[in-house]
Amino acid sequence: MSTLMTDSSSETVEAANPDQFELLIHLRWGDMDSLAHVNNVQVARLFEEARVRAFAEWFGARRENISMLVARQDIEYHSPLAYTPEPVRIFGRVSRIGTASFQFGYTLVDPAGTTCAVAQTTLVVIDAETGRPTPIPDPIRAILEEHHGAPVKFRH
């Protein structure tokens, strides 16, 4: 089971599925927009926070040995996410592993159990000196494979 260390705005949760993680995270009042739901930019930030925390847990100090860039971010919104004092859940997993890139898949669920959004981020491992894509190092690949799960199912 994967656990994520969290701060005061979220809680540590064990994932029910060993190839994915689960993060409980509290929303902020300022995450809302003028339509009284969580702004789409803030949803992207929630997914980013989940990915960063997963990397910290999975890679630890080994993360310092590689450089990565976000190459693509796809988010599909299923339901508005209203502000709530109860935490939302983000489920995530590595959904594809290539030679120099991999994809991170996410599902954002509100406290009532409604899926509000799904997302997929493509990350490319780069050579820090040249800025060019480079193969995923074997120790990092092994960690990614431990968390490899089903791809994100977009409606389109």
Side-chain angles (χ1 to χ4, degrees), residues 1-7 9-27 31 37-84 86-126 133-156:
M1 297 234 186
S2 179
T3 59
L4 293 177
M5 304 306 291
T6 62
D7 63 18
S9 66
S10 57
E11 303 168 22
T12 300
V13 178
E14 289 190 0
N17 188 342
D19 63 358
Q20 69 180 7
F21 66 90
E22 180 179 354
L23 176 68
L24 290 177
I25 190 163
H26 286 87
L27 302 172
D31 292 341
H37 64 271
V38 175
N39 183 276
N40 63 301
V41 173
Q42 297 306 94
V43 170
R45 288 183 176 139
L46 292 171
F47 288 135
E48 175 188 53
E49 185 69 22
R51 184 179 70 247
V52 167
R53 290 181 190 211
F55 284 178
E57 179 73 19
W58 297 348
F59 301 132
R62 286 172 286 201
R63 171 67 176 90
E64 296 172 10
N65 297 329
I66 63 168
S67 295
M68 291 182 268
L69 295 175
V70 172
R72 182 180 179 110
Q73 174 88 17
D74 295 305
I75 301 174
E76 184 175 272
Y77 299 91
H78 291 217
S79 178
L81 176 59
Y83 172 80
T84 172
E86 299 299 317
V88 297
R89 294 179 185 272
I90 300 176
F91 298 93
R93 69 265 182 211
V94 175
S95 54
R96 187 191 67 77
I97 305 169
T99 302
S101 67
F102 63 97
Q103 293 176 332
F104 221 78
Y106 320 80
T107 303
L108 172 62
V109 179
D110 73 9
T114 302
T115 296
C116 297
V118 295
Q120 187 164 269
T121 303
T122 302
L123 295 121
V124 177
V125 177
I126 62 165
T134 190
I136 299 169
D138 289 340
I140 300 300
R141 179 176 296 279
I143 293 168
L144 294 174
E145 288 172 353
E146 288 176 21
H147 300 284
H148 188 241
V152 173
K153 293 185 178 169
F154 290 109
R155 292 182 288 199
H156 64 273

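- For the ring-ring contact (aromatic ring centres under 6.0 Å, His included) test, no residue two or more places apart in sequence or in another chain qualifies with Y77.
- F104 and W58 have tilted rings, their planes meeting at an angle from 30° to 60° on a 0 to 90° scale.
- By the salt bridge (Lys or Arg N to Asp or Glu O under 4.0 Å) test, E48 is found to be paired with no residue, residues two or more places apart in sequence or in another chain being considered.
- The closest donor-acceptor contact from the side chain of R93 to the backbone of A150 lies under 3.5 Å.
- Atom CG of L144 is separated from atom CD1 of I97 by 5.0 Å, given to the nearest 0.5 angstrom.
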Output a table of donor-acceptor pairs, distance under 3.5 Å, between side-chain atoms of residues 37-44 and any protein atom two or more places apart or on a different chain; print 'none' if there are none.
| unit_1 | atom_1 | unit_2 | atom_2 | d |
| --- | --- | --- | --- | --- |
| N39 | OD1 | V41 | N | 2.7 |
| Q42 | OE1 | R45 | NH1 | 2.5 |
| Q42 | NE2 | D31 | OD1 | 2.7 |

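- E76 places a side-chain N or O within 3.5 Å of a backbone atom of R155 that can act as its donor or acceptor partner.
- The CZ atom of F91 lies 4.0 Å from the CD atom of E22; values are rounded to the nearest 0.5 Å.
- For the pair A117 and I75, the tightest heavy-atom approach, listed with the atom from each and the gap, is CB-CG2, 4.3 Å.
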Open item on the list: Using the rule given for side-chain contact (heavy atoms from CB on, under 4.5 Å), can you reason through V118 versus H78, listing the C-alpha separation, both sets of side-chain angles and the distance that settles it, and then say yes or no?
Closed with: CA-CA 8 Å; V118 295; H78 291 217; 3.7 Å; yes
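- Residues passing the side chain to side chain contact (heavy atoms under 4.5 Å, CB included) test with T84, sequence neighbours excluded: L27, E86, P111.
- Here CD1 of I90 is found 8.5 Å from CD of E49. Values are rounded to the nearest 0.5 Å.
- A distance of 7.5 Å separates CD of Q20 from OG1 of T107, quoted to the nearest 0.5 Å.
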For residues 133-142, run the donor-acceptor check on the side chains, cut-off 3.5 Å, and write out each pair with its distance to 0.1 Å, sequence neighbours left out.
| unit_1 | atom_1 | unit_2 | atom_2 | d |
| --- | --- | --- | --- | --- |
| R141 | NH1 | G98 | O | 3.2 |
| R141 | NH2 | G98 | O | 2.8 |
| R141 | NH2 | T99 | O | 3.2 |

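- Two residues are said to be in side-chain contact when any heavy atoms from C-beta on lie closer than 4.5 Å; F55 and M68 meet this criterion.
- To the nearest 0.5 Å, atoms NE2 (H26) and CG (L46) are separated by 12.5 Å.
- Put simply, the side chain of V88 does not reach to within 4.5 Å of the side chain of V109, judged on heavy atoms.
- For F102, the ring-ring contact (aromatic ring centres under 6.0 Å, His included) criterion is met by no residue, not counting sequence neighbours.
- The closest side-chain heavy-atom distance from T121 to Q103 is not below 4.5 Å.
- Residues L108 and T115 fail the side-chain proximity criterion, which asks for heavy atoms closer than 4.5 Å.
- For S101, the side chain to side chain contact (heavy atoms under 4.5 Å, CB included) partners are R96, T122, V124, not counting sequence neighbours.
- The closest side-chain heavy-atom distance from R53 to L23 is below 4.5 Å.
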- [ ] List the steps and the verdict of side chain to side chain donor-acceptor pair (under 3.5 Å) for Y106 and R51.
- [x] CA-CA 9 Å; Y106 320 80; R51 184 179 70 247; 3.0 Å; yes
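- When the side-chain hydrogen bond (donor to acceptor under 3.5 Å, both in side chains) test is applied to S95, the partners found at least two apart in sequence or on another chain are Q120.
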